[in-house]
Amino acid sequence: MITLLYFARLREALGTGREELLLPSGINTLGALRAHLEQRGDAWAKEMAAGRNLRAAVNQSVAMADTPIKDGDEVAFFPPVTGG
Amino acid sequence: MITLLYFARLREALGTGREELLLPSGINTLGALRAHLEQRGDAWAKEMAAGRNLRAAVNQSVAMADTPIKDGDEVAFFPPVTGG
Amino acid sequence: MSVRIHEQDFDVSAEMAAMRKDNPKIGAIASFVGVVRDINEGDSVATMTLEHYPGMTEKAITEIIDQARGRWEVLDALVIHRVGTLKPTDQIVLVIVASTHRGDAFAACEFIMDFLKTRAPFWKKEITPQGARWVDARVADDQAAERWKT
Amino acid sequence: MSVRIHEQDFDVSAEMAAMRKDNPKIGAIASFVGVVRDINEGDSVATMTLEHYPGMTEKAITEIIDQARGRWEVLDALVIHRVGTLKPTDQIVLVIVASTHRGDAFAACEFIMDFLKTRAPFWKKEITPQGARWVDARVADDQAAERWKT
């Protein structure tokens with residue numbers, strides 16, 4: 001299982017802030033996970049599309065498409081940050 | 001008459017912080033005034049000497065050797081500033 | 001060095017006084033306070049809600065402070081960022097950097113603020129007469145962080 | 001815009017709160033506080049006395065603030081400088097600059113501080129175990145002011 005977190009505009013668009021997911025076999029990078037989520041269709045297809053300016057973190061560190069993902073990880077997707 | 005002010009280390013070295021002076025005829029720039037004060041001898045000769053790193057103001061604005069001086073002016077001499 | 005994320009307001013004087021008392025080598029304290037403006041992108045702002053990613057936020061800001069400590073003499077540093085609902089003129093964020101001399105304090109404080117703006121996971125949602133909207137990231141903020149790479 | 005010279009201490013939070021309350025366009029407040037250190041030039045400092053040139057001090061600082069306003073967007077600015085006798089960890093000087101965005105606030109605050117250090121008529125005298133001594137002007141301060149000419 002991995003923990004998936006969604007924040008801000010993305011959380012509202014997907015209608016959820018958190019889910020637990022059994023990592024499908026063959027999905028072992030952030031990029032592959034994002035493509036997998038995109039295939040859920042509807043809001044997921046729109047928000048996870050390659051053209052959307054999304055940021056992500058794996059275990060609370062900034063992550064890129066080739067960042068490895070493994071069972072037990074905390075993976076977060078979010079829009080560009082706007083604090084301060 | 002002009003008002004002469006001395007600050008900080010200079011004030012202590014000269015033993016005075018303020019004096020009124022009848023502007024001698026022919027003294028009409030800051031540089032000439034400083035040379036005039038240097039001729040008082042002793043501490044004045046030492047502190048007003050050309051080699052001393054002194055700053056000055058005429059009527060509370062930073063002044064140079066060629067800044068004009070006239071009756072009624074407030075003229076201040078002081079070491080480089082060290083506030084803040 | 002300290003990072004705090006909470007809803008309640010902060011007291012700049014009290015935070016600076018604690019730093020000064022702890023370390024008599026401190027000669028210079030630079031600080032930055034971000035404030036909610038009543039106008040953003042041309043629209044009036046009634047309130048603003050700040051969301052964050054608990055855990056990652058503290059980690060990201062701690063890393064930014066550590067980077068600043070590697071570049072300048074930092075005797076002490078503090079970041080407080082508020083979350084929850086704020087209104088115009090409210091304080092949002094506080095960065096304080098204490099050093100021996102002012103050049104280091106100013107540079108480290110601005111560096112921390114520039115990277116906090118582009119790296120720390122906070123998101124602002126504004127309530128305007130046109131409704132609620134998520135604030136877009138500013139290109140100027142990316143540029144501000146970019147210039148420290150030289 | 002305000003310049004105050006006095007013996008009593010100042011409250012950074014109160015001064016910032018007054019600025020924020022006055023102007024809801026303020027989004028960024030940069031500040032600097034100078035603090036008495038317990039060591040200077042290798043000697044321990046027991047107390048320090050600050051002398052100034054009344055009248056010229058206020059005039060010189062007002063001119064520095066006006067120059068900063070000509071270069072950056074300054075919504076409000078405040079300088080407070082203490083005089084009289086101070087001890088280590090005491091606050092000496094406060095510069096606060098408020099602007100819409102942080103780049104202007106930081107630059108104007110550092111500019112004012114750099115020129116205050118080299119232009120405003122204050123002089124420090126330290127009491128150390130070796131006796132009383134007037135503090136020498138620092139070459140680094142002249143250099144800091146010089147770089148704004150570019």
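Hydrogens, waters and symmetry mates play no part in the numbers below; they use all other heavy atoms, side chains included. Every chain is numbered from 1, with letters handed out A, B, ... down the list of sequences. What you see is a predicted model; the values in this text were computed from it and never measured.
- Nearest heavy-atom pair across C/Val35 and D/Ile29 is CG2-CD1, 3.9 Å.
- In this structure, chain C has no heavy atom under 4.5 Å from any part of D/Asp22.
- Using a 4.5 Å cut-off between heavy atoms, C/Val36 touches chain D through its backbone atoms (N, CA, C, O) alone.
- Only the side chain of C/Met16 comes within contact range of chain D, with at least one heavy atom under 4.5 Å from a heavy atom of that chain.
- Proximity to chain C among residues 131-138 of chain D is limited to D/Arg138, judged by heavy-atom separations below 4.5 angstrom.
- With chain C as partner, the option from D/Ala28, D/Ser31, D/Ala140, D/Ala17 having the largest number of non-hydrogen pairs under 4.5 angstrom is D/Ser31.
- Interface remark: C/Asn40 contributes no atoms to any contact with chain D (heavy atom separation under 4.5 Å).
- For a heavy-atom cut-off of 4.5 Å, chain D lies close to C/Gln91, C/Thr100, C/His101, C/Arg102, C/Gly103, C/Phe106, C/Cys109, C/Glu110, C/Met113 in residues 91-113 of chain C.
- With a threshold of 4.5 angstrom between heavy atoms, C/Ala144 approaches chain D through side-chain atoms but not through N, CA, C or O.
- Considering all non-hydrogen atoms of both residues, C/Ser13 and D/Asp11 come closest at OG-OD1, 2.5 Å.
- Counting heavy atoms from C-beta on, the side chains of C/Lys25 and D/Ile39 come closer than 4.5 Å.
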